[in-house]
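Worksheet for the structure shown next.
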Amino acid sequence: MIPQKSISPRAWAEMMLLALIWGASFLSIRVALDEIAPFTLVAHRTFWAALTLWAVVLARAIPMPRSLRVWAAFVVMGLLNNLIPFALIAWGQQHIETGLASILNASTAIFGVIVAAIFFADERMTLRKGVGVTLGFAGVVTAIGPANLARIDLRSLAQLAVIAGALSYALAGVWGRKALGQVSPVAAATAMLTCSAAMTLPLAWALDGPPTLSHGIRTWGAIAYFSLVGTVGAYLLYYRVLAMAGSGNLLLVTMMIAPAAIALGALVLGEQLGPRAYLGFALLAFGLGVLDGRLLRPARRPAIDRLPPHG
């Protein structure tokens, strides 16, 4: 059993900053959705993020993969970690509150444990993991509301879309471990977002119409935030914190994103969540705490740490 790394004050500060950045990403996405459609939003997010990361790659002379097989793997990663979850969560955010979307997105860690147990022999399901997963799903069901699961309307479909996006993130973690374990983090993020942008741009044109640059300042500010800060900046900060605190400790960031998104949604958009959403988040956070191992005993380092589950 490998013990948890200790968390320095600096690592705590950067973990809180990372949670705030991703929490604010949910807010910026919701703001942009007032003017642009979901696929156009994803096209903006992946294109500007890829362009910026290529500048980082060139400035740092970071070697990029040349194998066609590796780039084909990045196409799959781009689908699972960007195009599918970004589009599903953005569509869902048109119909549910920012804070609720962030709560449901936190189920990524729960799905990650399940799919890892299915695909990897060294990540089998244990009693502790089973308890954590059960608590996590209880939290998700509570946040949605059991009655809402029995009926089909836009709000319930939006919540299910966000959960499907979380599942896609979890599958991306498995794919990344299987196919891309030897690629450096910045090169991996650059290649993945490049493939995502190449797929999303024609889709956005076909589904949402020709792109336009005639957006308001508020929308452009939101686009700049979620593509440059919430995607590029968050990726780079994530791997910095990963080196300082370890992947086990970074599970704490998953629990910190939702409170940041809830607070920002209330302050900026005047959103209010009902008691059921907060209870659901409490159960989900408790389940994540059990998975993390702090509540019971030191946890073994999780295997899925190549790409972060974000908003």
Side-chain angles (χ1 to χ4, degrees), residues 15-16 18-27 29 85 88-89 92-93 95-117 123 125-149 155-173 247-266 271-296 299 302 304-305 308-311:
M15 284 169 64
M16 288 189 283
L18 183 59
L20 180 61
I21 287 173
W22 273 330
S25 291
F26 285 94
L27 173 63
I29 288 168
L88 285 171
I89 293 170
Q93 280 195 251
H95 308 290
I96 62 174
E97 297 85 354
T98 300
L100 181 57
S102 68
I103 290 172
L104 299 175
N105 183 67
S107 63
T108 296
I110 303 297
F111 285 120
V113 170
I114 295 172
V115 296
E123 287 293 313
M125 188 67 66
T126 63
L127 177 60
R128 175 174 61 81
K129 290 180 180 180
V131 171
V133 166
T134 302
L135 287 167
F137 276 121
V140 170
V141 171
T142 302
I144 295 176
N148 291 327
L149 293 172
R155 184 172 175 81
S156 59
L157 286 174
Q159 294 177 89
L160 292 174
V162 175
I163 293 171
L167 174 59
S168 187
Y169 280 139
L171 291 170
S247 56
N249 287 320
L250 263 176
L251 185 60
L252 295 172
V253 175
T254 305
M255 302 182 224
M256 296 157 62
I257 294 171
I262 291 168
L264 289 169
E271 295 178 344
Q272 297 296 326
L273 298 180
R276 188 180 65 222
Y278 290 106
L279 176 58
F281 175 67
L283 285 170
L284 179 56
F286 187 59
L288 292 175
V290 172
L291 288 175
D292 178 61
R294 270 167 240 273
L295 297 179
L296 301 174
I304 302 176
D305 60 3
H310 60 285

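Keep in mind that the numbers below use all heavy atoms, side chains included, and drop hydrogens, waters and symmetry copies. Note that this is a predicted model, so its numbers are computed, not measured. All residue numbers refer to positions in the sequence shown, counting from 1.
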Close side-chain approach of Leu283 and Val140, heavy atoms under 4.5 Å: no

Sidechain-backbone polar pair: Arg128 side chain, Val290 backbone, donor-acceptor under 3.5 Å: yes

Could you walk me through whether Asn105 and Trp22 pass side chain to side chain contact (heavy atoms under 4.5 Å, CB included), step by step? CA-CA 11 Å; Asn105 183 67; Trp22 273 330; over 6 Å; no

What is the distance from atom CG of Leu160 to atom CD1 of Ile144, rounded to the nearest 0.5 Å? 5.5 Å

Considering non-hydrogen atoms only, spot the tightest contact between Gln159 and Ala143 and give its length. OE1-O, 4.0 Å

Does some side-chain heavy atom of Leu100 sit less than 4.5 Å from a side-chain heavy atom of Arg155? yes

Check the pair Leu264, Leu20 against side chain to side chain contact (heavy atoms under 4.5 Å, CB included), reporting the backbone distance first and the verdict last. CA-CA 9 Å; Leu264 289 169; Leu20 180 61; 4.2 Å; yes

What's the separation between atom CD1 in Ile103 and atom CD1 in Ile257, rounded to the nearest 0.5 Å? 12.0 Å

Non-hydrogen side-chain atoms of Leu291 and Ile110 separated by less than 4.5 Å: yes

Checking side chain to side chain contact (heavy atoms under 4.5 Å, CB included) between Gln93 and each of Leu88, Thr98, Leu27, which is the one that passes? Thr98

How far apart are the closest heavy atoms of Ala166 and Ser107, and which atoms are they? CB-OG, 3.4 Å

Taking the side chain as every heavy atom from C-beta outward, state whether Leu273 and Phe281 have any atom pair closer than 4.5 Å. no

At their closest point, which heavy atom of Glu123 faces which heavy atom of Lys129, and how far apart are they? OE1-NZ, 3.4 Å

Return the minimal non-hydrogen interatomic distance between Ala158 and His95, and the atom names on each side. CB-CB, 3.7 Å

Could you check whether any side-chain N or O of Ser25 sits under 3.5 Å from a backbone N or O of Ile21, counting only pairs where one atom can act as donor and the other as acceptor? yes

Can you find a heavy atom in the side chain of Val133 that is under 4.5 Å from one in the side chain of Phe111? no

Identify the two heavy atoms, one from Ala258 and one from Ser102, that lie closest to each other, and give their separation to 0.1 Å. CA-OG, 3.4 Å

Reported CD1-to-CG distance for the pair Ile89 and Leu104, which is rounded to 0.5 angstrom: 9.5 Å

Stepwise side chain to side chain contact (heavy atoms under 4.5 Å, CB included) test for Ile114 and Phe137: CA-CA 11 Å; Ile114 295 172; Phe137 276 121; 3.3 Å; yes

How close do Gly99 and Glu271 get, heavy atom to heavy atom, and via which atoms? N-OE1, 3.8 Å

